[in-house]
Amino acid sequence: MVRLRRRTALGLLLGGAAASALGPVDPVLGRPHDAPPARRQAPPARRQVPPVERENRAPGEPWWPPEGGRPADDRRRQIQGYASTTSVAPGGVIDFHVAVNPAGRFRVSVHRLGWYAGAGARTMLTSPELRGVPQPVPVADPVTGALDCRWPVSWRLPVPKGWASGLYQAVFTSASGWRSSTPFVVRDDRRAAALCVVLPVTTWQAYNQWPRDRRVGRSLYNGYRPDGRRDPALRARAVSFDRPYSGAGLPIHADRDEDAIRWLERNRYDVSYATSFDLHSGRLDPSRHRGLVFCGHDEYWSAEMRRAAEAGLAAGTSLAFLGANSVYWHVRVHPGGSGRPERVVECAKTPPDPGADGASPTVTWRDLDRPEQALLGVQYNGIVLSPQPLVVRSADHWVWAGAGVADGDRIPGLVVGEADGLNAGVARPGQPGETTLSSSPYPAQQGGRRLQSSHVYETPRGAVVFATGTLGWTMALDRRGHRDPRIERATANVLDRIVGRSRTT
């Protein structure tokens, strides 16, 4: 029964319509075309196809893992590189800095990630053959531990004006078949899509341990001891985007964003894409969109990011957090050693904070008396030791409408990674209609059992704030072996309400 309802809903979502036994049904009057009209009606306006939906009509092909390719590693660093910026508008320019060991020829191919009838990506272009040479691993900054490569430009890409907004991957392939990649986003600064997906590049970089060589590499979590073991006491207090992502260049947790991207584009939502830095800098104005979607693990937020999101919410822009442990660490953003803006993320986590200089220290938002629960309605409360079912609560709420669930139903494997829950002693949004959508016990790495909760509320301006409270949510949208129609339907209910899309079940 659940499957039947979902199929009907998805068919409507994709624009299908059931044929009437008496002939096609008039979309305005709701009666067969061959019935006599009471009065002449103007034909319905032709729907304008959004750019991302139009882009998905192009043929696609998988971009990773490559056929016959070999993923690079951080010890030999066969081929690795990074981009000069995390986002660029069509007509702008992005540079790639690439090291090849040993020296030799290589190419750069650029791929846009999306639905593409299930292929998951489309190849946009490939560079001419280029010459690459080895590049050094820099010495860490003695105060912050940041690694700033400052490698020369290997290839410059003027971004074609016709490219659709999206998450792109530049793939570096050596003549001997070694491969690595680096992500970047193409923004749409000209058109305001209904939804803007904000990709958490600050969190991607926070986890980046490059080079993962048991000697030099550092992230905001660990450094290496002389015996090669990771040690949180030796972590960096700042990380630079002027370095590759470790290994083959696939950021940790980015696959959760990719799950959501495929689902959003498969279901033909009007979307564009931006990054944490675009929200930080003001290039992304939340008030231009009906909603912002934070798909994956979005843990590291600057004061500017939070201020922009809260201002957008106050003006009526909805916020959908599809991961967990969001808005947890307060960070500062700095230019890189080359002078380019937004290249360093600083987060000391514990005193002393060498970069504070009178500003708010880079600690948790809770330590600044601005807990994330005051915005999201829930907040991070633990690491999940093993996957647990999400236990449904408030099944009669509109978020669960049509999902075929009842209170107490268990959706297997959905509470995974990290979880959020309600903290009774912490400030809440204070909005009427705050609703807890799940109450899921789980064993925590920190000890004991804790309770995961999904949550939703609406503001007086009609904006929705939705938080899934688990890192497993987007996996249930489009990952093989994890998809669940109940989660797909709940997600569609939230986003449909945000964009004003009607649905009949």
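Start at 1 with the first residue, then count along the sequence. Just so it is clear, the values below take in all heavy atoms, side chains as well, and ignore hydrogens, waters and symmetry mates.
- Enclosure of atom CZ in Arg105 by more than 12 non-hydrogen atoms of other residues, nucleotides or ligands within 6.0 angstrom is indicated.
- Checked options Ile252, Asp298, Val331; the residue passing with Thr203 is Asp298 (criterion: side chain to side chain contact (heavy atoms under 4.5 Å, CB included)).
- Residues Tyr116 and Trp63 keep their aromatic ring centres 6.0 Å or farther apart.
- Taking the six-membered ring where the residue is Trp, Trp301 and Phe294 present tilted rings, their angle falling between 30° and 60°.
- Looking only at atom types and distance, the side chain of Asn56 has a donor-acceptor partner in the side chain of Glu265 under 3.5 Å away.
- Checked by atom type and distance alone, the side chain of Arg343 never pairs as donor or acceptor with a backbone atom of Ser240 at under 3.5 Å.
- Side-chain N or O atoms of Gln80 include one that pairs as donor or acceptor with a backbone N or O of Gly247 at under 3.5 Å.
- Ring geometry for Trp365 against His330 counts as perpendicular: the plane angle is over 60°, on a 0 to 90° scale with 30° as the lower cut.
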**Message:** Test side-chain contact (heavy atoms from CB on, under 4.5 Å) on Arg218 and Leu234; report intermediate values, then the result.
**Reply:** CA-CA 8 Å; Arg218 294 194 193 183; Leu234 300 176; 5.7 Å; no
**Full working for side-chain hydrogen bond (donor to acceptor under 3.5 Å, both in side chains) between Asp278 and Thr275** = CA-CA 5 Å; Asp278 297 318; Thr275 71; 3.2 Å; yes
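- Shown are Leu284, Val185, Val345, Leu199; of these, the side chain to side chain contact (heavy atoms under 4.5 Å, CB included) with Phe277 is made only by Val345.
- The ring of Tyr269 has its center closer than 6.0 angstrom to the ring center of Trp263.
- Between Val100 and Trp178 the shortest side-chain heavy-atom distance does not fall below 4.5 Å.
- With hydrogens and angles ignored, the 3.5 Å screen pairs a side-chain donor or acceptor of Thr317 with a backbone N or O of Pro286.
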**Request:** For Glu346 and Arg237, run side-chain contact (heavy atoms from CB on, under 4.5 Å): C-alpha distance rounded to whole Å, both residues' side-chain angles, the deciding distance at 0.1 Å, then the answer.
**Result:** CA-CA 6 Å; Glu346 184 178 15; Arg237 291 173 176 258; 5.6 Å; no
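- The number of heavy-atom neighbours closer than 6.0 Å to CZ of Arg214, taken from other residues, nucleotides and ligands shown, is 12 or below.
- Taking the centre of each ring, Phe241 and Tyr82 stay at or above the 6.0 Å mark.
- Side chain of Gln446 to backbone of Ile383: a donor-acceptor contact under 3.5 angstrom is found.
- Under the side-chain contact (heavy atoms from CB on, under 4.5 Å) criterion, Ala419 pairs with Asn381, Val384, Val415, Tyr442, Gln452, sequence neighbours left out.
- Counting heavy atoms of neighbouring residues, nucleotides and ligands inside a 6.0 Å radius, atom CZ of Arg191 exceeds 12 of them.
- Relative to the six-membered ring of Trp163, Arg112 misses at least one condition, a distance below 6.0 Å or an angle of at most 45° to the axis.
- Note that CG of Asp95 is 4.0 Å distant from CZ of Arg156, once rounded to the nearest 0.5 Å.
- Although no hydrogens or angles enter the test, the distance criterion places no donor-acceptor pair under 3.5 Å between the side chain of Arg450 and the main chain of Gly421.
- Within 6.0 Å of CZ in Arg131 there are more than 12 heavy atoms belonging to other residues, nucleotides or ligands.
- By the 30° and 60° cut-offs, the orientation of the rings of Trp155 relative to Phe96 is parallel.
- For residues 466-475, the side chain to side chain donor-acceptor pair (under 3.5 Å) pairs, not counting sequence neighbours, are Trp473-Thr491.
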